[in-house]
Amino acid sequence: MPKLIKNGRVIDDAAAILVLDETQAPEALDLPAGPVFVPFAVWQAHKGQLAGQAGVGVWLDSHENVEELAADLDELPAIALNFPKFTDGRAYSAAALLRTRYGYKGEIRAIGDVLRDQLFFMQRCGFDAFQLKTGKYDDAQLEAAVASLQDFSAPYQAAVDQPEPLFRRAQRAA
Amino acid sequence: MYRYDPYDQKIVDERVAQFGDQTRRYLAGELTDDEFRPLRLQNGLYIQRHAPMLRIAVPYGLLSTAQVRKLAHIARTYDRGYSHVTTRQNFQFNWPELKVVPEILGELATVQMHAIQTSGACIRNITSDPFAGVAGDEYIDPRPWCEVLRQWSTFHPEFAFLPRKFKIAVNGASADRAVIQCHDIGLELKRDAAGGIGFRVLVGGGMGRTPIIGEEISAFVPWQHIITYCEAILRVYNRYGRRDNLYKARIKILVKALGVAEFKRQVEDEWAFGKDGPSTLTEAEVARVAAHFTTPAYETLPAEDAAYVAQRAATPAFAAWARRNVLAHKVPGYAIVVLSLKDPQRAPGDITDAQLDLVADWADAYSFGEVRATHEQNLVLADVKQSELFALWEKARAAGLATPTFGLLTDLICCPGGDFCALANAKSIPIANAIQARFDDLDYLHDIGEIELNISGCMNSCGHHHVGHIGILGVDKNGEEWYQVSLGGSQGNHTSIGKVIGRSFAAAEMPGVISTIIDVYLAQRQAGERFIDTVRRTGLDPFKLGVYGEAAAKERKQHA
Ligand code: HEM
Ligand code: SF4
């Protein structure tokens with residue numbers, strides 16, 4: 001079963017990520033059994049049917065704007081943001097926007113090329129579930145990766161996890 | 001200067017631990033090259049021609065003597081006895097071994113230094129005026145603002161994987177000495193009509209293969225809002241900057257594509273959400289940081305020291321150095337000293353471990369224990385009493401740090417080029433040294449006057465060739481090293497991008513080409529005109545004629 005880092009622990013997670021290949025149109029809905037993240041295009045095509053359905057979330061690719069989901073957030077228990085390459089940093093802004101601008105309270109899951117060395121930044125931007133890159137880490141390495149969430153103890157700037165910058169959080173001596 | 005409190009120290013210490021673990025996992029095969037690359041780059045570590053190159057951050061160019069001694073120690077212990085000052089006021093080491101880099105970072109952390117974000121697609125070291133706090137034309141000291149921005153940008157979680165690198169420069173004087181028009185964000189400190197401090201914000205400047213001069217996006221952002229404003233710019237860039245083509249990924253391309261008006265609209269729409277939020281700066285925080293940049297304990301001195309006058313009269317070599325490398329200080333009886341790293345025997349910007357130790361000693365003895373690095377690849381002692389200039393000069397001269405050419409032709413900017421850099425088309429250091437050898441007559445250099453010659457070994461423009469009055473660019477022609485010459489570039493308030501004069505030259509031709517260009521200038525110049533003034537007045541034609549000859553010039557015209 002795929003693993004997920006959530007709440008500072010490695011857990012089993014059964015959710016599938018539905019990926020359409022070129023031959024599959026979003027209009028033809030063919031959901032696997034169990035919890036699933038559907039692509040934005042599928043969500044758009046079947047919103048009426050999928051909204052509020054238990055275990056159904058949406059995943060956005062890095063070029064897809066969170067603004068387009070803004071009206072649907074109440075229907076979504078979880079949103080996954082894809083990192084096609086870990087160097088594609090757009091999802092950091094997407095997560096931050098979901099949390100701060102749209103007040104999204106559900107799960108924001110990092111999927112795709114998710115590596116332990118970026119977990120700290122992701123968490124700061126509002127991600128709270130991390131599906132690390134498939135096949136990259138063995139169980140022991142996955143357990144070890146959890147430590148990266150704590151790489152820095154008192155960052156300078158405000159972000160989703162610490163809405164106040166250090167200069168407001170701490171009394172700093174001159 | 002700014003001294004770390006326990007929070008700053010903890011962040012740097014945690015970074016050392018983090019990078020040590022990352023390097024260990026890389027060497028153990030747990031991280032691939034591709035996975036490790038951005039991590040090491042964000043720690044200033046390039047893999048170069050011969051060895052890794054490690055770039056150490058010198059925030060806005062300011063160094064304590066403990067830091068300078070540590071750099072000397074690192075040069076001696078882990079490198080080959082020298083270091084290099086870069087055009088972004090940082091220090092580079094050319095020969096460290098990868099496996100000792102975490103150890104070097106550990107050493108740096110003991111003197112409040114690091115290599116954080118000196119490379120990679122993130123917000124880089126913030127640069128500024130090397131004469132901050134001591135120049136007579138300064139309205140607002142940029143250093144506290146640089147430090148505030150340094151802290152904000154350090155490990156900013158949202159902006160660690162931008163489309164491309166992101167460079168910010170801050171200037172607070174009537175003369176721009178920080179090249180703000182050629183930065184992704186250029187900030188000019190100013191006051192509004194009510195006397196309140198704020199920033200004029202330029203965006204989308206840069207060099208590289210598409211040189212662009214930054215455009216004004218806001219005439220005045222009040223100081224409280226500078227962080228939220230920069231965050232808005234960066235968020236728009238992070239979301240919409242191009243990621244499909246490395247050469248079109250800088251913010252300048254986005255700004256050009258949208259037009260500055262539309263870009264500004266998007267930024268201000270975004271800013272509307274962040275403005276007045278928690279990242280709004282407080283008076284208390286600015287005061288806390290500014291308290292680190294207090295005026296040193298200057299003595300009350302006569303505006304002109306009598307002994308200094310006499311020493312110049314008695315010792316022509318001292319007078320020649322004082323004329324170029326000693327600059328006016330805002331406090332009577334004090335001077336700003338440029339310690340030249342343009343000894344023709346060395347690569348421009350290079351400095352040895354022994355020299356670094358000496359500079360630290362002089363800074364302790366004569367300049368309140370501080371040293372500055374300039375983007376023109378020299379060092380500065382900013383607070384020297386006139387009465388001590390002679391003693392300092394004698395020592396600097398003995399150490400090879402008193403080349404009296406600041407601002408003259410041979411005080412050139414030069415990237416490491418093909419001798420070190422894997423991206424180079426051509427070597428740049430030998431060209432610099434050949435030009436320095438050709439122009440070794442000080443009287444002649446003085447006659448030529450103020451001029452800036454900048455050399456880059458490839459289009460990446462690390463040597464700022466686009467903004468050199470004379471720019472030299474290494475190009476590759478069928479695997480051979482050639483050099484293209486441009487004229488009319490300029491940094492500072494009147495920033496302009498130089499224009500290429502014509503076909504490129506072989507290395508051996510270069511000193512002759514520069515000589516010809518100088519001859520044309522001397523023949524053309526009107527009273528009081530600097531080189532750049534003449535080029536602006538006459539255009540390139542007389543120079544083309546001089547360099548390529550009558551026939552070539554005609555032929556070019558016909559083809560044009
Ligand atoms: C030796 C290894 C180096 C490599 C691989 C390297 C790489 C690059 C690249 C790829 C660019 C172009 C970036 C772009 O246009 O997006 C660039 C620009 C630049 N680099 Fe370097 N560089 C190196 C060393 C240096 C050094 C030693 C300096 C300072 C002396 C320096 C200062 C700069 C500056 C000032 C720019 C221009 C930035 C701009 O476009 O605004 N680099 N470098
Ligand atoms: S300009 Fe080119 S050759 Fe020179 S250091 Fe930069 S990348 Fe290397």
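Each chain gets a letter, A, B and so on, in the order the sequences are listed, and its residues count up from 1.
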Original post:
With sequence neighbours left out, what residues match A:His46 under ring-ring contact (aromatic ring centres under 6.0 Å, His included)?
Top reply: none
Original post:
So is A:Arg101 actually on top of B:Phe273's ring, under 6.0 Å and inside 45° of the axis?
Top reply: yes
Original post:
Where does the angle between the aromatic ring planes of B:His292 and B:Tyr2 fall among parallel (under 30°), tilted (30 to 60°) and perpendicular (over 60°)?
Top reply: tilted
**OP:** Measure from the ring center of A:Phe152 to the ring center of A:Phe120 and say whether it is less than 6.0 Å.
**Re:** yes
**OP:** Please state whether the side chain, the backbone, both or neither of A:Ala154 comes within less than 4.5 Å of a heavy atom of chain B.
**Re:** both
Subject >> Aromatic ring pairing A:Phe130/A:Phe127, orientation class (parallel under 30°, perpendicular over 60°, tilted between) >> reply: tilted
Original post:
More than 12 non-hydrogen atoms from neighbouring residues, nucleotides or ligands closer than 6.0 Å to NZ on B:Lys248, yes or no?
Top reply: no
Subject >> Winner by heavy-atom pair count (cut-off under 4.5 Å) against chain A, out of B:Arg3, B:Arg37, B:Glu30 >> reply: B:Glu30
**OP:** Identify which part of B:Leu39 has an atom lying under 4.5 Å from any heavy atom of chain A, answering side chain, backbone, both or neither.
**Re:** side chain
Original post:
For B:Arg243, is it the side chain, the backbone, both or neither that has a heavy atom under 4.5 Å from a heavy atom of chain A?
Top reply: side chain
Original post:
Of the backbone (N, CA, C, O) and the side chain (C-beta and beyond), which part of A:Asp161 lies under 4.5 Å from a heavy atom of chain B, both, or neither?
Top reply: neither
Original post:
What are the residues of residues 15-22 of chain B, in order of number, with any heavy atom under 4.5 angstrom from a heavy atom of chain A?
Top reply: B:Arg15, B:Gln18, B:Asp21, B:Gln22
Subject >> Proximal component of A:Gln123, with respect to chain B [non-hydrogen, under 4.5 Å] >> reply: neither
